[in-house]
Amino acid sequence: MTILAEILAGLGLLFVGLKSLSSHLQQATGRGVRRLLRGATRSPLTGLISGSLAGAATQSSNAVAIICGNLVRGGVFTVRDAIPVVAGGNVGTAALVFVAAVDFRLVVLYLVALVGFGFQLRLDRRSAWREWMGVALGLALALLGLDFIKEAPHAIDPAALAAVLDVGLTPLVGFALGFVAAALSQSSSTPTILVLALVQSAVMGLDNAFFVVLGANLGSGVATLAAAGGLEGTGRQLCYVHILVKGIGCALVLALWLGAELVGADPARLLASAGGQAPVSLSLLFLALQVAGAVPVAFGRGFTEQIAIRFSPPTLEDGASRPRYIHDRALEAPATALDLSEKEIRRLIQLLPTLLPDLDVSEAGGAGERLALWRGAASIAQTTESFVTDLIGLAMERESLDIALEQQGLVEMIRLLQDTLHDFAEVVESYDTPPQLAFNLSESLRVIVLSLADADTADDYEVIATLTADRSDLLNRIRRSLVGASIGTGEDARRLLLATSLFERAIWLIRRTAVALRPATNDDKPRDETVSAERKDVHAH
């Protein structure tokens, strides 16, 4: 029982440590990793190398794939550009298996001491130091977990367990065990580290370990589909890239193994001679599986892309989530970048009417299409906000900085308005036949949003400001009448009250957006003061 407890505790520490390491490292170097991946599109080789470095840093091929997925959805690069990076992310995770093959107990002790003194000296008050201390603590926990896993099998009688394994662990059973373990842990490195501990304790031979690691490699690839859930389109395409990397790697390495057996050679002995020591040999096997799959997938990215598209065609949301004007290279010229972000913001406003149903028209796409459009618009808004934030971080002139700050506040209001319109549409569409009040509110809101999307001059925005003037007294009377009226079930009343509240919030946000967009005039109150007041009002609300 003690051996099992040590192995389980080691796995727990390993999972917690890797999670902490990955999250804190992404916070500490998030922009650096993204810049690394953005510059990886020059060739398959640079993409493969960049992905390997990112995978080694995050120790998660899934994290690399998620970052790439966001960059693809944001229009920074295409799926074809992302394929070598995702393939390289798998290669980078082999670093953890090599670490597990060496003695690092002294490193763990010093890391724990370093983090402890850091907290005692309150170095975590600075955000940058806090993230790097989290990285060090996560690394220490992961290494400590590896040490538990490596040491636990030493208490097992090698001869007795080896006899059991020789009888019951056939190549097919070993492959199945590795596959299931990787599918459950969603990691190929974790089962490999367990096998490495058994090999290091002379409990398992390299011939049995080979098939367990082979199954673990393929199982982790298939597990990405389960982790993807309901993800579709380009996001799911990168999952199939994962599977191709794992599958091709397993097929090529297995072919070499079987080929050696056919010519009368002992593949286990050849593997042992390649590494010198059993743990190193197993680490080299794991690395070979990743490289054997990553290289053909990366350099044959055109064919890989065709396979991924065949299994997961692009969706409406994929097309709707790509910015049209902004791109990372524009940050090199802040003045031009401000013009591009202004155009993107204008496009976001023009997309607002697509988030509301037109109840007078029978729509083919309906709620499903509107949901995809909302997600796409929300993705563009998030990308635009990040773009403007990066602009603010650059050394700009005061006038340009003021414009960027105004754009930041405007995008924030647009994101709030997007969510409010989406929630309102969901309430209205929850009825089979909307009651008259819900119908009137929806059509009125749609007309006002269309007016905002078409507005161009100061007079247009003044009209919108008049249309969206305070109507709280009228809406309060409507609420009181709903409470006192007989309008069906209590659920009907609740939905109508919610629709009324969302309508009021949407009108409030439209008014402030119109004020922020209104061209500067010769009024007594300058526009920048008005915008600043509106931004404070948004936060207060």
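These figures come from a predicted structure and were not determined experimentally.
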Problem set entry | Audit row: L498, L502, side chain to side chain contact (heavy atoms under 4.5 Å, CB included) steps and yes/no | CA-CA 6 Å; L498 178 59; L502 291 170; 4.0 Å; yes
For this session: Using distance alone, with no hydrogens and no angle criterion, decide if D460 and T457 have a side-chain donor and acceptor under 3.5 Å apart.
Result: yes
About how many Å separate [atom2] of [Y] and [atom1] of [X], when rounded to the nearest 0.5 Å?
X: L410; Y: L517; atom1: CG; atom2: CG; answer: 5.0 Å
X: E406; Y: L401; atom1: CD; atom2: CG; answer: 10.5 Å
X: R494; Y: L497; atom1: CZ; atom2: CG; answer: 9.0 Å
X: L352; Y: L417; atom1: CG; atom2: CG; answer: 5.0 Å
X: L391; Y: Q407; atom1: CG; atom2: CD; answer: 7.5 Å
X: S501; Y: D423; atom1: OG; atom2: CG; answer: 12.0 Å

Any sub-3.5 Å donor-acceptor pair from [X]'s side-chain atoms to [Y]'s backbone N or O?
X: T304; Y: V297; answer: yes
X: T500; Y: L496; answer: yes
X: Q290; Y: T93; answer: no
X: S341; Y: A337; answer: yes
X: R495; Y: S430; answer: yes

Problem set entry | side-chain contact (heavy atoms from CB on, under 4.5 Å), paired with L416, selected from L509, L421, T513 | L509
For this session: Report the C-alpha distance between I448 and I507 in whole Å, list the side-chain angles of each, state the deciding distance to 0.1 Å, and finish with yes or no for side chain to side chain contact (heavy atoms under 4.5 Å, CB included).
Result: CA-CA 8 Å; I448 295 173; I507 293 298; 3.5 Å; yes
Flag if over 12 foreign heavy atoms under 6.0 Å of [atom1], [X]:
X: F119; atom1: CZ; result: yes
X: Y431; atom1: OH; result: yes
X: E443; atom1: CD; result: yes

For this session: Can you label the angle between the F424 ring and the F503 ring as parallel, tilted or perpendicular, going by 30° and 60°?
Result: tilted
Heavy-atom closest pair, residues [X] and [Y]:
X: P323; Y: T383; value: CG-CG2, 3.9 Å
X: K246; Y: G221; value: CG-CA, 3.7 Å
X: P357; Y: A425; value: CD-CB, 3.7 Å
X: P334; Y: L394; value: CG-CD1, 4.2 Å
X: T468; Y: I510; value: CG2-CG2, 4.0 Å
X: S312; Y: R236; value: OG-CB, 3.4 Å

For this session: Take I83 and Q237, measure what side chain to side chain contact (heavy atoms under 4.5 Å, CB included) needs, and give me the verdict at the end.
Result: CA-CA 9 Å; I83 286 172; Q237 287 174 15; over 6 Å; no
Problem set entry | Selection residues 340-357 - residue pairs positive for salt bridge (charged side-chain N to carboxylate O under 4.0 Å, His left out), sequence neighbours left out | E344-R347
Contact between [X] and [Y] at the side-chain level, heavy atoms closer than 4.5 Å - yes or no?
X: F299; Y: L45; value: yes
X: L351; Y: L373; value: no
X: D81; Y: R301; value: yes

Problem set entry | From CA spacing to verdict: salt bridge (Lys or Arg N to Asp or Glu O under 4.0 Å), D419, R415 | CA-CA 6 Å; D419 292 341; R415 293 187 66 180; over 6 Å; no
Problem set entry | Residue pair L359, R446: steps toward the side chain to side chain contact (heavy atoms under 4.5 Å, CB included) verdict | CA-CA 10 Å; L359 300 180; R446 181 175 170 80; over 6 Å; no
